[in-house]
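This report refers to the structure that appears directly beneath it.
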Amino acid sequence: MSDDSMIGQLAGDTDTRSPVRRIVIAGGGTAGWMTAAALSKTLGRRLDIRLVESDEIGTVGVGEATIPSLQVFHRLIGVDERDFMAATQATFKLGIRFEGWHDVGKAYFHGFGLTGKDHWTAGFQHFWLKGRQRQLAADYGAYCLEAQAARLGRFAHLPDDGLRYAYHLDATRYAAFLRRFSEALGVQRIEGRIVEVRRCEGTGDIRSLRLDGGAEVEGDLFIDCTGFRALLIGDALGVGYEDWSHWLFNDSAVAVQTAAVDAALPYTRSIAHGAGWQWRIPLQHRVGNGLVYSRRFIDDDQARQTLQAQLRGETLTTPRVIRFQPGQRHEAWRANCVAIGLAGGFLEPLESTSIYLIQRAIIRLLQMFPADGIQAPDATEFNRQMRADFEHVRDFIVLHFKVTERRDTPYWRACADMSVPPSLQHRIDLFRQTARIFRGDGELFSENSWAQVMLGQGLVPAQHHPVTELMGDAELGRFLGSLQSAAEQAAQQLPPHDDYVRRYCGAPAASA
């Protein structure tokens, strides 16, 4: 029997039948206040919800780029988009521009919308590959409206979600916005630092949290949002952590904010460097900057110097180093404790999935909420689904490092030479041979996302679907040309992104 299994038996894997009414959220930040907002909006009338956080303890606070699923979360809890964007100094995001990932000097765009037009037998990438073979195709991104709009720096809301988007936001302001939202719905915030997690003698469940001022906060269900410290799920309940650093080498980031000197672009920039990559995230009045790196290949001082050499505009904050270990908890739900956010696992922010994984855990908890008592099968299923989510996102992120033509530094040579999870290797082999993409039910990243990144990273399939042979040069040229023209014309009709943001949800400059 493994240590984790033995601890699980001692920590209350048996059903706890007493009703769940008192919810205690340990920790604030994005994870804590998103959880509080969703619980209070959905079940608040039948629950007593308290959130414990300390002003003395900072949050990571750099998860400033999101993916379109956040719109769904806001609709579910009734958040007004204009209010949210003004409060968080948010801008719109159409995707990510990857610079220097395929090779030095090369770039591609991973957009949120569709690229081209699929046939029921084959995805658009098959037709594009045939067009490329016949020298009839433009760049793959030319057939994506989001990529064309991003290239022109334009944005507007279109009918029927015609332009798919996410947000760039100030994470600290987002937590404060959700705090106001939650407190208006009855959530009680308790100021204090957790100094002890007390457990029931018989079951091993968590009974209460003792705070530095002597107060004791009791509950029926505890949500661990204490970040990397994982005070409840890790320290108190002993749930182990699965380390994925053999696939994801980066273990540190240095982050700094700068004043905006240019118009905010509607996309995130991800710029590959010799031993990691740099993010550039434009908000309304400032820019979020950071360098994610591996200390196996450069030290903190080198990372700071690399980032500072790339900065534009006045530096607004002192650069700070953040340590992390990529991976996930063996269990996100054990006994009467559910870990949400960094306490449950972390994948580097390359594809802006941190808030998405928080959101998935919250919605899953609400769908499986143990109102009549915590039962082991619920926890087992919750853990299974969260593991599947993490592994899918992990594979997509590892893809960017593995499939590359860069061999110019020891870091990139190590990335190209590493063995990858069998689940990812299958996807790579399938696409390399046939241009087909496997996608399981409920997975985040679409066939189009996998195609954009695989092609963008330089993976060229050996074959493509025979249905493309039915189109002659003239017909295929017209087909591709009409799609490209439609995307270009639609993008050109959009207003400049900066102007649209200012009119739609402009935040006062004094609040920067």
Side-chain angles (χ1 to χ4, degrees), residues 60 62-63 65 67 96 98-102 110 227-228 230 234 240-255 268 270-279 290-300 302-303 306-307 321-330 332 339 341-358 360 386-404 406-407 409-428 443-445 449-450 453-454 456-457 459:
V60 174
V62 295
I67 59 177
I96 305 171
F98 287 94
E99 304 172 25
W101 284 82
H102 172 190
H110 174 200
F228 292 129
Y241 194 84
E242 185 174 331
D243 181 4
W244 289 343
S245 60
H246 50 295
W247 294 315
L248 296 166
F249 298 159
N250 296 332
D251 57 11
S252 303
V254 56
T268 301
S270 174
I271 307 159
H273 287 283
W277 62 276
Q278 174 190 347
W279 76 73
L291 183 75
V292 182
Y293 59 98
S294 170
R295 284 178 294 156
R296 287 169 49 191
F297 298 91
I298 59 171
D299 61 31
D300 295 340
Q302 291 173 306
T306 300
L307 178 61
V321 172
I322 302 163
R323 301 279 188 239
F324 57 83
Q325 182 181 34
Q328 70 170 151
R329 294 281 158 196
H330 295 309
L342 301 178
F346 179 75
L347 296 169
E348 65 170 79
L350 183 62
E351 283 284 354
S352 311
T353 52
S354 292
I355 290 179
Y356 162 79
L357 290 167
I358 293 170
R360 287 284 280 182
M386 286 307 301
R387 172 164 289 277
D389 284 342
F390 265 86
E391 290 180 348
H392 169 66
V393 174
R394 175 203 66 194
D395 284 2
F396 192 67
I397 293 175
V398 173
L399 171 70
H400 298 66
F401 295 96
K402 173 64 176 178
V403 178
T404 176
R406 291 196 65 155
R407 302 292 188 276
T409 66
Y411 174 89
W412 287 106
R413 289 193 291 272
C415 288
D417 292 343
M418 70 175 167
S419 298
V420 298
S423 51
L424 174 59
Q425 190 62 56
H426 168 65
R427 294 181 197 261
I428 293 172
E443 291 184 345
L444 168 62
F445 292 106
S449 287
W450 283 94
V453 174
M454 285 179 167
Q457 293 287 135
L459 187 59

Next item on the list: Establish, for the pair R296 and F249, whether the NZ or CZ atom is under 6.0 angstrom from the six-membered ring centre and no further than 45 degrees off its axis.
Entry: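 Judged by the rule, R296 and F249 form a cation-pi pair.
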Check: With a cut-off of under 6.0 Å to the ring centre and 45° to the axis, is R394 in cation-pi contact with W244?
Finding: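 Judged by the rule, R394 and W244 form a cation-pi pair.
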Notebook entry, point to check: Are D417 and K402 within salt-bridge range, i.e. N to O under 4.0 Å?
Noted result: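 Between K402 and D417 there is no salt bridge, as every charged N stays at least 4.0 Å from the carboxylate O atoms.
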Where is the tightest heavy-atom contact between [X] and [Y], given as atom of each residue plus distance?
X: A272; Y: G100; value: CB-O, 3.3 Å
X: F297; Y: A414; value: CZ-CB, 4.0 Å
X: R329; Y: G234; value: NH1-CA, 3.9 Å
X: I298; Y: A275; value: CG2-CB, 3.7 Å
X: L424; Y: W450; value: CD1-CZ3, 4.0 Å
X: P326; Y: D243; value: O-OD1, 3.5 Å

Hey, does [Y] have a side-chain heavy atom less than 4.5 Å from the side chain of [X]?
X: E242; Y: H330; answer: yes
X: L347; Y: S354; answer: no
X: V254; Y: Y293; answer: yes

Without swapping roles, check the side chain of [X] against the backbone of [Y] for a donor-acceptor pair under 3.5 Å.
X: S294; Y: N250; value: no
X: W247; Y: S419; value: yes
X: R407; Y: R413; value: no

Distance only, no hydrogens: is a donor on one side chain within 3.5 Å (strictly under) of an acceptor on the other, for [X] and [Y]?
X: Q325; Y: D251; answer: no
X: S423; Y: D395; answer: yes
X: Q457; Y: H400; answer: no
X: H102; Y: T404; answer: no

Margin query: For I96 and E351: C-alpha separation, side-chain torsions, deciding distance, then whether side chain to side chain contact (heavy atoms under 4.5 Å, CB included) applies.
Written below: CA-CA 8 Å; I96 305 171; E351 283 284 354; 3.5 Å; yes
Next item on the list: Could I get the full list of side-chain hydrogen bond (donor to acceptor under 3.5 Å, both in side chains) partners for Q328, not counting sequence neighbours?
Entry: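 Partners of Q328 by the side-chain hydrogen bond (donor to acceptor under 3.5 Å, both in side chains) criterion, ordered by chain and then number, come out as R387.
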Notebook entry, point to check: Residues in side-chain hydrogen bond (donor to acceptor under 3.5 Å, both in side chains) with T353, at least two apart?
Noted result: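 T353 satisfies side-chain hydrogen bond (donor to acceptor under 3.5 Å, both in side chains) with no residue once adjacent residues are dropped.
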Next item on the list: Please test D300 against Q302 for side chain to side chain contact (heavy atoms under 4.5 Å, CB included), starting from the C-alpha separation and ending with a verdict.
Entry: CA-CA 5 Å; D300 295 340; Q302 291 173 306; over 6 Å; no
Point-to-point distance, once rounded to the nearest 0.5 Å, from [atom1] of [X] to [atom2] of [Y]:
X: I67; Y: Y356; atom1: CD1; atom2: OH; answer: 6.5 Å
X: L357; Y: M386; atom1: CG; atom2: CE; answer: 6.0 Å
X: I271; Y: E99; atom1: CD1; atom2: CD; answer: 4.5 Å
X: S270; Y: W279; atom1: OG; atom2: CH2; answer: 10.5 Å
X: H273; Y: L307; atom1: NE2; atom2: CG; answer: 7.5 Å
X: C415; Y: L248; atom1: SG; atom2: CG; answer: 9.0 Å

Sequence-distant partners of [X], salt bridge (charged side-chain N to carboxylate O under 4.0 Å, His left out), two or more places apart:
X: D299; value: none
X: D389; value: R360, R364
X: E348; value: none

Next item on the list: Would you please indicate if the ring centroids of W101 and F401 are separated by under 6.0 Å?
Entry: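 Centroid separation for W101 and F401: below 6.0 Å.
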Check: Do F445 and H392 have their ring centres less than 6.0 Å from each other?
Finding: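 For F445 and H392, the ring centres are under 6.0 Å apart.
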Next item on the list: Name all residues meeting the ring-ring contact (aromatic ring centres under 6.0 Å, His included) criterion together with F324; count only those two or more places apart in sequence or in a different chain, and write none if there are none.
Entry: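 With neighbours one apart ignored, the set is F346.
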